[in-house]
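Just so it is clear: chains get the letters A, B, ... in the order the sequence lines come, proteins before strands, and each one is counted from 1.
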2 protein chains.
Amino acid sequence: MVTIKDVAKLAGVAISTASNALNGKYGVKESTKKKVLEAAERLNYVPNPIAQGLVNNSTKTISLIVSGPSSYKFITNPAFFEMMKAITEVVNKRGYQVLLNLLTEEEEVQGIPRIAHSRLSDALILIGSRRGDEELTEILTKVPIPSLVVIREPPHDSIASVSWDNLRCGYMATKYLIEMGHRTIGMIGNIPGLKMTEERVRGYMLALQEAGIAYDEALVVEGDYYQDSGLVGIRKLLNQASKRPTAVFTGNDVMALGAMEGLEQEGIRIPEDISLIGCDNIPNLHLLKTPLTTISNPLSEMGRLAARKILGILEGDDELPQHVIVESELRIRSSVKRLGPM
Amino acid sequence: MVTIKDVAKLAGVAISTASNALNGKYGVKESTKKKVLEAAERLNYVPNPIAQGLVNNSTKTISLIVSGPSSYKFITNPAFFEMMKAITEVVNKRGYQVLLNLLTEEEEVQGIPRIAHSRLSDALILIGSRRGDEELTEILTKVPIPSLVVIREPPHDSIASVSWDNLRCGYMATKYLIEMGHRTIGMIGNIPGLKMTEERVRGYMLALQEAGIAYDEALVVEGDYYQDSGLVGIRKLLNQASKRPTAVFTGNDVMALGAMEGLEQEGIRIPEDISLIGCDNIPNLHLLKTPLTTISNPLSEMGRLAARKILGILEGDDELPQHVIVESELRIRSSVKRLGPM
DNA sequence: CTGAAAGCGCTTACAG
DNA sequence: CTGAAAGCGCTTACAG
């Protein structure tokens, strides 16, 4: 292990001078700077970031906290993977490292502060946390480093966020269904108390209202945004709704996949018997048995923005708004059937 | 930020005593140990791992290096995601952190040593590197920390690995195709010089040979194990083979997805016109237009083993063999059609 | 412009 | 059993 001592010795200068030269500080004669740099080069010197971190109180790493429900194995959303990749790419390019942390919902309360206090990272990016706004705000405002939430609505105005417009997602999806002639429309993916989902429901209701369709709460069922809950949700919708929906909006694609499984088991065809629309546009939806129509969210773009935002906060050159909103768009495939006028 | 100084002061002992008590070293009176622990508790003390790392020359983190071809955006294999999750879970549970590094193929040569020399992590796990054996061995043996490769064959006996039996994968897939009556069988996914793929080709040839089917090299085309190459590969197979194959084995599922796209574009049906078998068993294959028959590899299991293996090396309690091989099995769905006797 | 010293938060011999 | 000292590899005032 070659240290700054070695390069100082080889260059024939003091350690502090070597440090100044290496870090491009002002007030180092050109010739000595050159000597130091050459010595470093020759010795293949790489500064020890741990030592730097100790004195700078910064580690140039960012913790990516990905939350899942009760077990990591349920973290199966490819949308998360897309964002993780984009974040890592941008952050690495700017000389930062990404620390990957997986947390179950229960672990969040202890885990987020633990990670933040560990001093192992300079900032936190939270992906997929469903914790209630007050509670999450409570956790994040107590934490000694900047944090950013992704996908969900910001739990509090003081906490930076990168997300899409959840209300608009619900609205666009539902509106499209209505345009295609549907009037009994189900929705899977309500989590009471979680704004992200409430907004999607509100968007759904708004579209209904605009079209003069009465809201029927039996048509909106819970869903935790993991695949299984799509399966459970579609069953509920099929059994308990007073009127079977002709179309269903699932809050995300992964739940649509679950719904597809449930429908398949019941021998109900998509879109012949029931139409389906998702949200996210995860990869390879076009290869499904019934290619899924969905609201396309720019997942990589969001990851990149999240990285830029947190880096901006850290380096003091933040030019992004506190809450970045990203554009979604309808992606038509073939899981929604056109219904004739009633 | 509360430091060990604070807890020492509150407990009324010296810093070194506090340290010994906190670390459960022998030779600390029960009563003073209790005092220290209580003080730590009361102050909510969390040791600074950076400072510990500096003196212990260890950071309790492991670098996960995920390689992709020329751009990170091609790292789309859900199999990688599955393994990353499993590795992170096990490693976190044992008090280690995971540092996520994305590298393009070109960056590997510089990047792997850079990451290893950075002293930011105690060990390296490589996922998805296609670099030739000699070159990778050269890189990894020079590196100052332990490393482990996953999925691919070990580039050298001295380098730990966790993988499945690639020859057997190729053999099982091809044998099943033969049992289903196919005799003109294509394969996508040869990378000359990369043992992992050569083994799969050898398995393919072995099954052919056992069945007395002549090997036709026009039926084996290159593929880089990313989705696009499946599309390119199937086109090549369709156009250049003297005889169009009735079935194709793609080296992994993601290339099978690509092949499906190509076939769809040409209006060729699966399995009616051509049969397809993949390898990996990534999630949600049962929901595809034609549910893909594949060789199922225990991806999470592999991730867990990789984590255990590297932790074992680091902590000196390694009970796993240097090269861990994991069992694969045939997973029959409906992408392979039974052919009548010729 | 350069170097000696202090200090980041911890652990590890070692003296008492 | 306890504490003063040295040291991990670096950076940052500060004196010269």
Side-chain angles (χ1 to χ4, degrees), chain A residues 1-40 43-61 95 97 116-122 144-145, chain B residues 1-40 43-61 95 97 116-122 144-145:
Chain A
M1 190 74 271
V2 14
T3 74
I4 196 171
K5 231 178 185 167
D6 301 314
V7 349
K9 191 192 279 175
L10 181 62
V13 299
I15 293 178
S16 52
T17 304
S19 172
N20 284 329
L22 255 10
N23 292 313
K25 291 270 156 76
Y26 286 106
V28 180
K29 218 203 295 174
E30 262 316 308
S31 59
T32 70
K33 182 172 177 178
K34 204 173 145 224
K35 268 194 301 182
V36 172
L37 262 24
E38 276 173 10
L43 294 173
N44 234 311
Y45 170 69
V46 183
N48 182 332
I50 295 296
Q52 291 180 314
L54 189 58
V55 6
N56 294 332
N57 201 20
S58 138
T59 56
K60 293 262 181 189
T61 91
Q97 303 286 320
H117 281 283
S118 80
R119 297 271 154 209
L120 232 30
S121 53
D122 297 344
I145 55 180
Chain B
M1 189 76 269
V2 15
T3 73
I4 196 171
K5 231 179 187 165
D6 302 314
V7 349
K9 189 191 279 175
L10 181 60
V13 299
I15 294 178
S16 51
T17 304
S19 172
N20 284 329
L22 255 8
N23 293 312
K25 290 270 156 76
Y26 285 106
V28 180
K29 217 203 296 175
E30 264 314 311
S31 60
T32 70
K33 184 171 177 181
K34 206 174 143 223
K35 268 195 300 183
V36 172
L37 261 24
E38 276 174 10
L43 294 173
N44 234 310
Y45 169 69
V46 184
N48 182 332
I50 296 297
Q52 292 179 314
L54 189 58
V55 4
N56 295 333
N57 202 21
S58 139
T59 56
K60 294 266 182 184
T61 91
Q97 302 286 319
H117 282 281
S118 79
R119 297 272 154 207
L120 232 30
S121 54
D122 296 344
I145 55 180

Does A/Ile50 form a side-chain contact (heavy atoms from CB on, under 4.5 Å) with B/Leu120? I'd like the steps, not just the answer.
CA-CA 7 Å; A/Ile50 295 296; B/Leu120 232 30; 3.8 Å; yes

Closest heavy-atom contact between [X] and [Y]?
| X | Y | result |
| --- | --- | --- |
| A/Thr3 | A/Tyr45 | C-CE1, 3.5 Å |
| A/Asp122 | A/Ser58 | OD2-OG, 3.1 Å |
| A/Val2 | A/Asn44 | CG1-O, 4.3 Å |
| A/Ala18 | A/Ala8 | CB-CB, 4.0 Å |
| B/Gly24 | B/Lys33 | CA-NZ, 4.3 Å |
| A/Thr59 | A/Arg119 | CG2-O, 3.3 Å |

Base, sugar-phosphate or nothing for A/Thr3? Non-hydrogen atoms, less than 4.0 Å.
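Sugar-phosphate contact only - A/Thr3 comes under 4.0 Å of backbone atoms but never of a base.
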
When all nucleic acid strands are considered with a 4.0 Å heavy-atom cut-off, which category describes A/Lys33: base, sugar-phosphate, or nothing?
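Result for A/Lys33 = nothing.
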
Using only side-chain N and O atoms of [X], determine if any of them is under 4.0 Å from OP1 or OP2 of [N].
| X | N | answer |
| --- | --- | --- |
| A/Thr17 | C/dG3 | yes |
| B/Asn23 | C/dT11 | yes |
| A/Tyr45 | D/dC10 | yes |
| B/Lys25 | D/dC1 | no |

Picking from [options], which would you name as closest to the side chain of [X]?
| X | options | answer |
| --- | --- | --- |
| A/Ala51 | D/dG7, C/dC1, D/dG9 | D/dG9 |
| B/Thr32 | C/dC1, D/dT2, C/dC8 | D/dT2 |
| A/Gln52 | C/dT2, D/dT11, D/dT12 | D/dT11 |

Write down the distance between [atom1] ([X]) and [atom2] ([N]), rounded to a whole number of angstrom.
| X | N | atom1 | atom2 | value |
| --- | --- | --- | --- | --- |
| B/Ile4 | C/dC8 | CD1 | C1' | 14 Å |
| A/Asn56 | D/dA13 | CG | P | 11 Å |
| B/Leu22 | D/dT2 | CG | P | 14 Å |
| B/Asp6 | C/dC10 | CG | P | 9 Å |
| A/Asn20 | D/dA15 | CG | P | 16 Å |
| B/Ile50 | D/dT11 | CD1 | C1' | 15 Å |
| A/Tyr26 | C/dT2 | OH | C1' | 19 Å |
| B/Leu54 | D/dG7 | CG | C1' | 9 Å |

Quick one, B/Leu10 with B/Val7, criterion side-chain contact (heavy atoms from CB on, under 4.5 Å). Give me CA distance, side-chain angles, the key distance, then yes/no.
CA-CA 5 Å; B/Leu10 181 60; B/Val7 349; 5.6 Å; no

Toward the 5' end of DNA chain D, which comes first, B/Ser31 or A/Ser19, by nearest nucleotide?
B/Ser31

Contacting residues from residues 7-16 of chain A, given that a heavy atom lies under 4.0 angstrom of DNA chain C:
A/Val13, A/Ala14, A/Ser16

Where do B/Ile15 and B/Ile4 land on the side-chain contact (heavy atoms from CB on, under 4.5 Å) test, with the steps shown first?
CA-CA 7 Å; B/Ile15 294 178; B/Ile4 196 171; 3.8 Å; yes

Would A/Lys34 and A/Glu38 satisfy side-chain contact (heavy atoms from CB on, under 4.5 Å), going step by step from the backbone distance to the final call?
CA-CA 6 Å; A/Lys34 204 173 145 224; A/Glu38 276 173 10; 3.4 Å; yes

Dot-bracket for DNA chain C, 5' to 3', Watson-Crick and G-U pairs with both distances under 3.5 Å, [ ] for crossing pairs, | for partner on another strand, reads |||.||||||||.|||

